[in-house]
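Shown next, in structure tokens, is the structure this report addresses.
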Amino acid sequence: MGMAHVIDGNALAKELHASIEDELRELRASGVHPGLATVLVGDDYAAKAYERHLRSVAEGLEYRYVCEHLSDYVELADVLATVGKLNADPRVTGILLLRPFPSHLPEAQVNAALDPMKDVEAAHPLNAGLLALGQPRFIPSTPASCFHALDAYARSRGFDPSKFLEGRTLVVVGRSSSVGKPAQWLGLQRHATVVACHSRTRDLGAITRLADVLIVSVGVPALVTGDMVSEGVIALDVGINAVKDHSTGKILMVGDVDFDGVEAKAEAITPVPGGIGPITDVWLVGNVLAAAAMAARVEPRFGHFG
Ligand code: NAP
């Protein structure tokens, strides 16, 4: 066991949820009603589990909620028609396209069909562009959760979270459009020195050892081991991987970071489960609330770091 501070994502998610409830109460008084629509294509196990979970979070806040479940073999024209229907429905204020998409569907084309004002994950090129330029409309939920966790840790140590990353080295492993790239953009916005790693990176450990703050979003269990980090790193683990425990035969959820090995050297670390994951879905419903406010021409409080 190391001495690292283990960042409690469940507690942070609970606080964030309470702040959303407060804002929701005020918005409801002025007639604003958030509604979330998810689009699920096929029967991916993890996507279905996430959909069920989002439904319960959204319904817990008394949002309108609908899931459009399309078959694996759906044609692009039908997906675009579904997105068009949700775009036109004023009861839907936020739309989430659940991943993965079957390979015959061009993801970029579907993203571009979203109404940018309902695109709560900033998947539309306009919203991704605004984020890359440092003027985000919506901050996608998973990278937002990494920075939310980091901010909370910085604050707990007496730092100004908006300045904490300034001049520090942020290494992001993974360059997905939904997590890795937006995490890099957000790091640059905070004046970090950002290093982007991916599957072609040579000697990953040599790069990750440079990190003051490390964000890992890859999908490989325990990819980052203790020897690949320096003393005092702050490690934020996005990965959610199901692995079989060989001694018990049970399925366990593990991250992309080898928790025990990295914790022994880290200043702070997020666990899996109970780290970034629980913050993510709360951030998402917060973005749906922000979208509902914007649609009613009310300035939302939620959605930016503060
Ligand atoms: P993704 O779209 O599959 O992208 C994975 C990235 O990792 C790619 O950029 C890939 O590089 C890179 N990569 C693959 N193998 C690598 C290696 N050996 N060394 C370095 N980089 C490598 O993944 P994602 O959507 O970002 O998700 C990643 C993980 O996070 C998954 O486990 C997923 O379940 C989890 N996740 C969690 C949350 C949450 O709320 N906590 C949300 C979303 C995703 P290339 O670009 O070169 O292929």
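What's counted below: heavy atoms across the whole structure, side chains too, no hydrogens, waters or symmetry copies. Just so you know, residue 1 is the first one in the sequence shown, and it goes up from there. Just so you know, ligand 1 is whichever comes first in the structure, and atom 1 is the first atom listed for that ligand.
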For [atom], which protein heavy atom lies nearest, and how many Å away is it?
atom                    : answer
atom 43 (C) of ligand 1 : Thr142 OG1, 3.9 Å
atom 11 (O) of ligand 1 : Ser199 N, 3.1 Å
atom 18 (N) of ligand 1 : Leu223 CD1, 3.8 Å
atom 20 (C) of ligand 1 : His198 O, 3.2 Å
atom 34 (O) of ligand 1 : Ile240 O, 3.5 Å
atom 46 (O) of ligand 1 : Arg175 NE, 2.7 Å
atom 29 (C) of ligand 1 : Gly219 N, 3.6 Å
atom 4 (O) of ligand 1  : Ser176 CB, 3.8 Å

Test: Glu51 and Arg55 ion pair at under 4.0 Å: yes
Could Lys118 and Asp89 be called an ion pair, given the rule that one side-chain N must be under 4.0 Å from one carboxylate O? no
At less than 4.0 angstrom from any non-hydrogen atom of [X], what atoms of ligand 1 do you find?
X      : result
Asn241 : 32 (O)
Ser178 : 25 (O)
Gly174 : 6 (C), 7 (O), 9 (O)
Val238 : 30 (O), 35 (C), 36 (N), 37 (C), 38 (C), 41 (N)

Which residue pairs pass the side chain to side chain donor-acceptor pair (under 3.5 Å) test when at least one of the two sits in residues 250-259, sequence neighbours left out? Asn241-Asp256
For ligand 1, the portion of Val173 having any non-hydrogen atom under 4.0 Å away: side chain
Minimum distance, heavy atoms only, to atom 23 (O) of ligand 1: which one of Val179, Val218, Leu236 is it? Val218
State whether the side chain of Arg209 and the backbone N or O of Asp227 hold a donor-acceptor pair below 3.5 Å, judged by distance alone. yes
Between His69 (side chain) and Gly42 (backbone), is there a donor-acceptor pair under 3.5 Å? yes
Taking atom types as modelled and ignoring hydrogens, do the side chains of Thr38 and Glu68 form a donor-acceptor contact shorter than 3.5 angstrom? no
State, without any angle test, whether Thr93 and Tyr63 hold a side-chain donor-acceptor pair at a distance under 3.5 Å. no
For Thr280, is at least one N or O under 3.5 Å away from an N or O on ligand 1? yes
Is there a nitrogen or oxygen of Ser217 sitting under 3.5 Å from a nitrogen or oxygen of ligand 1? yes
Is Arg52 positioned over the aromatic face of Tyr50, cation under 6.0 angstrom from the ring centre and no more than 45 degrees off axis? no
Classify the ring geometry of Phe159 against Phe164: parallel below 30°, tilted from 30° to 60°, perpendicular beyond 60°. perpendicular
With a 4.5 Å cut-off on side-chain heavy-atom distances among I, L, V, M, F, W and Y, is there a chain of contacts connecting Val32 to Leu289? yes
Sub-4.0 Å heavy-atom approach of Cys197 to ligand 1: no
Can the ring centres of Trp283 and Phe305 be said to be less than 6.0 Å apart? yes
